[in-house]
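Notes follow the structure.
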Amino acid sequence: MFQEISHGAGDAYDGLGDVESDRHVQPAVQGDLDAVADLTPREVDVLLLLSRAASNREIGRALGIAERTVKAHLTSIMKKIAVRSRTEVAIFSFAHHRVILQHGVPSAVR
């Protein structure tokens with residue numbers, strides 16, 4: 001039923017690259033980086049707090065807004081940067097933190 005896999009020279013691991021040389025490869029990140037310029041200052045606040053792995057509740061407390069409002073901001077952000085989930089927004093915000101900061105340091109993150 002199952003074929004035996006050889007682990008000698010020329011096995012399936014050859015050609016995959018050295019782990020050390022692949023260490024600096026950045027994974028593909030979903031989202032439109034140019035759309036960051038279209039975010040409101042409050043959306044930037046939310047995005048930067050999300051890049052620090054804050055929950056919706058923590059973001060709401062930090063900004064003095066309701067958790068429902070945080071969700072509304074996240075929905076708007078997702079549409080603007082063209083991603084489909086909160087997880088994709090979080091990855092985007094973490095990966096592009098410096099670019100987002102260039103659009104001004106929001107009051108909640110100072």
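For this chain, numbers begin at 1 and follow the sequence in order. When reading the values below, keep in mind they use all heavy atoms of this one structure, side chains included, and skip hydrogens, waters and symmetry mates.
F94 is not connected to L47 by any chain of hydrophobic side-chain contacts under 4.5 Å among Ile, Leu, Val, Met, Phe, Trp and Tyr, and they are in different clusters.
For the atom pair H96 NE2 and D32 CG, the distance stands at 9.5 Å (nearest 0.5 Å). With rounding to the nearest 0.5 angstrom, the CG atom of L39 is 7.0 Å from the CD1 atom of I81. The CG atom of L50 sits 7.5 Å away from atom CD1 of I77, with the distance rounded to the nearest 0.5 Å. Rounded to the nearest 0.5 Å, atoms OG (S55) and CD (E67) are 7.0 Å apart. Rounded to the nearest 0.5 Å, atoms CD (Q102) and NE2 (H97) are 11.0 Å apart.
Heavy atoms only, all atoms of each residue included: L49 and A62 are closest at CD1-CB, 3.9 Å.
Using a 4.5 Å heavy-atom cutoff, the side chains of R42 and L63 are in contact.
A donor-acceptor pair under 3.5 Å is absent between the side-chain atoms of T69 and the main chain of I65, judged by distance alone.
Within the structure, side-chain hydrogen bond (donor to acceptor under 3.5 Å, both in side chains) contacts touching residues 77-91 (residues at least two apart or in different chains) are E43-K80, N56-R86.
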Check step by step if side-chain contact (heavy atoms from CB on, under 4.5 Å) holds for L48 and S93. CA-CA 7 Å; L48 288 172; S93 65; over 6 Å; no

